[in-house]
Amino acid sequence: MSDAIKHECGISVIRLLKPLEYYKEKYGTAFYGVNKMYLMMEKQHNRGQDGAGFASIKLDVAPGERYMSRVRSIAQQPIQDIFAQINDRINLALEENPGEVDNVAWQKKNIPYIAEVLLGHVRYGTFGKNSIESVHPFLRQNNWMHRNLIVAGNFNMTNVHELFDNLIQLGQHPKEMADTVTVMEKIGHFLDDAVAKLYKQIKKEGYTKQEASPLIADRLKVHKILRRAAKNWDGGYAMAGLLGHGDAFVLRDPVGIRPAYYYKDDEVVVVASERPAIQTVFNVPFEEVVELEPGHAIIIKKDGNTSIRQILEPLERKACSFERIYFSRGSDKEIYEERKHLGKLLFPQILKSIDYDLKNTVFSYIPNTAETSFFGMVKEAQNYLNKRKEEQILSIGTKITSEELHAILEVRPRIEKVAIKDAKLRTFITQDSSRDDLVAHVYDISYGSVKKGDNLVIIDDSIVRGTTLKKSILKILDRLSPKKIVVVSSAPQIRYPDCYGIDMAKLEDFVAFKAALALHQERLTMNVVDNIYDKCLEQVNSNDKDVVNYVKEFYAPFTAQEISHKIGELLSPENIKAEVQIIYQTIENLHQACPKNLGDWYFTGKYPTPGGNRVVNKAFINFYEGKNERAY
C-alpha cells in the first residue's frame, strides 16, 4: 500500500498438551513451544513491526519457583530481539550447567520461558505511543496463582470512557484510561470475584486452604468470567489471556470484526490471528484450521480440556474486509483468490478508461502487496483478448493466412514492473521544503518499460491519503512520458474513520473527504457541512444506540465517479504532463469478491456497533472545529 496505514496487532497462543519430556523425545528439544512461538510471531510480522511481546506459564510448579515469565521489546526488530534475549538466557543456563542439557525437569525448574502455555503478540504503535509500557502482553500480578492474569489482544474499544467509569463504580482505581488496561482490569475484577467465591465454597466443604488451590483451578468457569467482563464492550477484538494456574482463552467480538483461527490435535492447541501462520508452522492442511466464531471463546483448561463456548450473542457478521484486501497475509488460500477476484472485477472500468486500447497500454502494480490483485486484473485482460481473438479468427474463417493468424495471436497484455520501492530509503529531514524532494525518490522506475504515448495502468491496494501518490509515484511515473496514468485501487474509497483497530482516525486525512469538501466548495453547498456539524453536536450526549451517522450526508450529493474525478485532480502534481485518472473498486464488487467479510464501514459508514456512529460524528466535529485529535 503506497499510503501506509497500520493495523494494531497479531496474537498467538500455544498450549502444549503433553509433558515437555514428550517434545524432547519426539522433536529433540524441550524448547519446542518457544521455537514454535518464534515462528508464529514471525509469520504474523506483517501485523505489527513496532513492538512485540512474549509470556509463558509453567504448569504444576512447586511454591517458591517462578512460573510466569514475560519479555517485551520495541527494538528495531522486536521479535528477533525478544527471542535473542530468551536464547541468551537458555544458553547461559546450559553453559553454566552442562550436565543438565538433557534434563528436562531441571530446565523447566531453572530456565524461564520453557513452559507449556505461551502467548505471543506483535503490534503497531497507532496512538503515537510506542513506549515499552504500551507493548502487550499486559500483566496483572497477585500472590494467589489463580488471580494472576496476562492479557494481549488485537482490538480497539470505542467506549473506553464508559468502561473506565464502570471500573470506578466497582471501587477500583485504574492507573490509566487505555483500553488494554481497562479490559484487563474488568476481566481481573470478575476473576478475583470468582476465585473468592470458590475459595469460600471449597472451605465450607471441609478442605484445607492448601487443598483448595487445585480445586479452584479445576472448578473455575472461565466462560462465566468472560461473559460478565465483556458484557458492555463495544469494539472489534480478538482477546487472549492466560491465568496464573494455566487456563488460557481467546475471545472474539460478536460481530467478528477481528479475526481468530485455531487448530487442535493430541499434542498442541494453537490460536492465532491468521490461518496460514498455523498451517505453515504446524504443517497442517487448510481444512483443519478452524475459524473461531464471533462472540465465542476457545477455552483451554489447565488439564488440557478444550472447549468452544458462546460468551456473547453473535450479531450480524461484519468481519473486516480490509483484512482481506491488505492486512492479512496473502498466502491464505481464500484471501489469495479474493484478491485476484478484486483485480478481475476492476477490469471493465479499466478497459473503458483506456478506450479499449490494450495495444498501447502497459499494466503494472505498486509493489508489493497489490501484486495478487494485479494477477487477477491481467488474467481478465487475457480472457478479454482471447475472446476478441476468437471472434477475429472465426470472422476470417478458413481463408486465414499464417501471417494473419500470427498477428492476431501475438497480441497480449503488456506487463511490466514499472515501479520499484527503495525499501532502504528514509527521509531524515523534517522541513517540508527539503523533505518533499526526498519523498519523491522513495520509488524508482524501470526506464524503457513504457513507450512515449502509452497508457499506464497501475494498481494499488488502496488509496487512503494519496500523499505518496502525489509527492512520489505520479511524479516519477510521468518521467516515462505516458499519455495517461490510470491508478486503480482494489479497495473502494475510504470515507469514514475506523475505530476497531486500524489507524485511520481523522476524516480530514482521507483524500475522498478532501475531494467531497472541494466539491461542496465549488458548488456553493457548504451549508450542508454546517448542518451536519449542528446535527452531530445535538447527539453528543445521546446514548450510543440512539446515535445516527450524519456524516453520510456529507457524501450523499455526489456520485462515486464525481468524487474519484476530483481525487484525480487533487492528486495530480503540478506540471505533470500525463492525464491522471483514479479508479476505485465498487462496494458491490468488494462484497462479491469477499463474500464472508462484509464489514465495510470505512467505505460506507455502516458501523457494526453503536460506538462507531458516535466516533464518526466526533471525528466530524473535530474536523469542523479544527481540532487535530483522534475521535476515540
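- The local environment of NZ in Lys379 is sparse, with at most 12 non-hydrogen atoms from other residues, nucleotides or ligands closer than 6.0 Å.
- Atom CG of Asn628 is surrounded by 12 or fewer heavy atoms from other residues, nucleotides or ligands within 6.0 Å.
- Shown here for Gly501 and Asn156, the closest heavy-atom pair between the two residues is N-CB, 3.5 Å.
- Counting only heavy atoms from C-beta outward, the side chains of Ile458 and Ile366 approach each other to under 4.5 Å.
- Going from atom NE2 of His520 over to atom OG1 of Thr525 covers 5.0 Å, rounded to the nearest 0.5 Å.
- Taking all atoms of both residues into account, the shortest heavy-atom contact from Ile11 to His121 is CG2-CD2, 3.7 Å.
- The main-chain N or O of Tyr500 is found under 3.5 Å from a side-chain atom of Asp498 such that the two form a donor-acceptor pair.
- Partner Met40 forms a side chain to side chain contact (heavy atoms under 4.5 Å, CB included) with one of Ile278, Thr280, Val122 and no other, that one being Ile278.
- In this structure the side chain of Tyr550 never reaches within 4.5 angstrom of the side chain of Phe620, judged on heavy atoms.
- Side-chain contact check for Glu579 versus Ile485: every heavy-atom pair is 4.5 Å or farther apart.
- The side-chain heavy atoms of Leu385 and Pro413, taken from C-beta on, include a pair separated by under 4.5 Å.
- Listed for the Asn597 side chain is no donor-acceptor partner under 3.5 Å among the backbone atoms of Cys594.
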Test Arg275 against Glu334 for side chain to side chain contact (heavy atoms under 4.5 Å, CB included), laying out the working first.
CA-CA 10 Å; Arg275 175 167 41 202; Glu334 288 182 346; 3.2 Å; yes
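- In this structure, Arg414 CZ and Lys359 NZ are separated by 10.0 Å, a value rounded to the nearest 0.5 Å.
- Proximity of Ile502 to Pro497: side-chain heavy atoms (C-beta onward) are nowhere separated by under 4.5 Å.
- Geometrically, Arg258 does not engage Tyr237 in a cation-pi contact defined by less than 6.0 Å to the ring centre and at most 45° from the axis.
- Put simply, the side chain of Gln392 never gets that close to the backbone of Ile408: no donor and acceptor are under 3.5 Å apart.
- Note that Lys340 lies outside the cation-pi zone of Phe375, set by a 6.0 Å cut-off to the ring centre and a 45° limit from the axis.
- In His565, the NE2 atom is not crowded: 12 or fewer heavy atoms of neighbouring residues, nucleotides or ligands sit closer than 6.0 Å.
- Residue Lys389 qualifies as enclosed at atom NZ: its count of foreign heavy atoms under 6.0 Å is above 12.
- The main-chain N or O of Cys9 is found under 3.5 Å from a side-chain atom of Arg47 such that the two form a donor-acceptor pair.
- Gln493 is listed as a side-chain neighbour of Ser564, based on a closest heavy-atom distance under 4.5 Å.
- The structure places OG of Ser328 at 4.0 Å from CD1 of Ile335, a figure rounded to the nearest 0.5 Å.
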Tyr496 and Tyr607: CA distance, side-chain angles, deciding distance, side chain to side chain contact (heavy atoms under 4.5 Å, CB included) verdict:
CA-CA 10 Å; Tyr496 303 91; Tyr607 286 90; 3.3 Å; yes
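- Counted within 6.0 Å of CD on Glu522, heavy atoms from surrounding residues, nucleotides or ligands total more than 12; the atom is thus considered enclosed.
- Within a 6.0 Å radius of NZ in Lys566, more than 12 heavy atoms belonging to other residues, nucleotides or ligands are found.
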Worked verdict on Glu274 versus Lys43 for salt bridge (charged side-chain N to carboxylate O under 4.0 Å, His left out)
CA-CA 9 Å; Glu274 303 217 15; Lys43 294 299 179 185; over 6 Å; no
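- Residue Ile325 comes nearest to Arg339 through the heavy atom pair O-NE, 3.3 Å, listed as atom of the first residue, atom of the second, then distance.
- Using bins of under 30°, 30° to 60° and over 60° for the plane-to-plane angle, the ring pair Phe322/Phe327 lands in the tilted bin.
- Scanning both residues, Val548 and Gln539, for their nearest heavy atoms gives N-OE1, 2.7 Å.
- The CD1 atom of Ile459 sits 11.5 Å away from the CZ atom of Phe347 when rounded to the nearest 0.5 Å.
- At a threshold of 4.5 Å between non-hydrogen side-chain atoms, the residues Val457 and Val362 do not count as touching.
- Atom NZ of Lys483 is surrounded by 12 or fewer heavy atoms from other residues, nucleotides or ligands within 6.0 Å.
- Within 6.0 Å of CD on Glu404 lie more than 12 heavy atoms contributed by other residues, nucleotides or ligands.
- When each of Lys333, Lys596, Arg324 is tested with Glu338 by the rule salt bridge (charged side-chain N to carboxylate O under 4.0 Å, His left out), just one qualifies, namely Arg324.
- Nearest heavy atom pair, residue Leu456 against residue Val450, reads CD1-CG2, 4.1 Å.
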Do Gln585 and Phe603 pass the side chain to side chain contact (heavy atoms under 4.5 Å, CB included) test, and can you show the C-alpha distance, the side-chain angles, and the key distance before you say yes or no?
CA-CA 10 Å; Gln585 188 73 262; Phe603 309 128; over 6 Å; no
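- With a 4.5 Å cut-off on side-chain heavy atoms, Asp461 and Ser489 do not count as touching.
- Each of Val615, Asp234, Leu315 was scored for a side chain to side chain contact (heavy atoms under 4.5 Å, CB included) with Thr609, with one residue passing: Asp234.
- Checking side-chain atoms of Thr586 against main-chain N and O of Asn589 turns up a donor-acceptor pair under 3.5 Å.
- Checking side-chain atoms of Asp478 against main-chain N and O of Ala578 turns up a donor-acceptor pair under 3.5 Å.
- In terms of modelled atom types and a separation under 3.5 Å, the side chain of Arg614 and the main chain of Thr158 share a donor-acceptor contact.
- Using a 3.5 Å distance cut-off with no hydrogens or angles, the side chains of Glu337 and His341 do not pair a donor with an acceptor.
- Phe513 pairs in a ring pair (Phe, Tyr, Trp, His ring centres under 6.0 Å) with only one of the listed residues (Tyr602, Phe554, Phe558), which is Phe554.
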Apply side chain to side chain contact (heavy atoms under 4.5 Å, CB included) to the pair Val418 and Leu477, showing each step before the final yes or no.
CA-CA 8 Å; Val418 174; Leu477 292 178; 3.5 Å; yes
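- Using bins of under 30°, 30° to 60° and over 60° for the plane-to-plane angle, the ring pair Phe155/His136 lands in the tilted bin.
- In this pair, Tyr356 and Tyr384 present their aromatic rings tilted. The plane angle is within the 30 to 60° band.
- Listed here is the closest heavy atom pair of Lys484 and Ser353: NZ-O, 2.6 Å.
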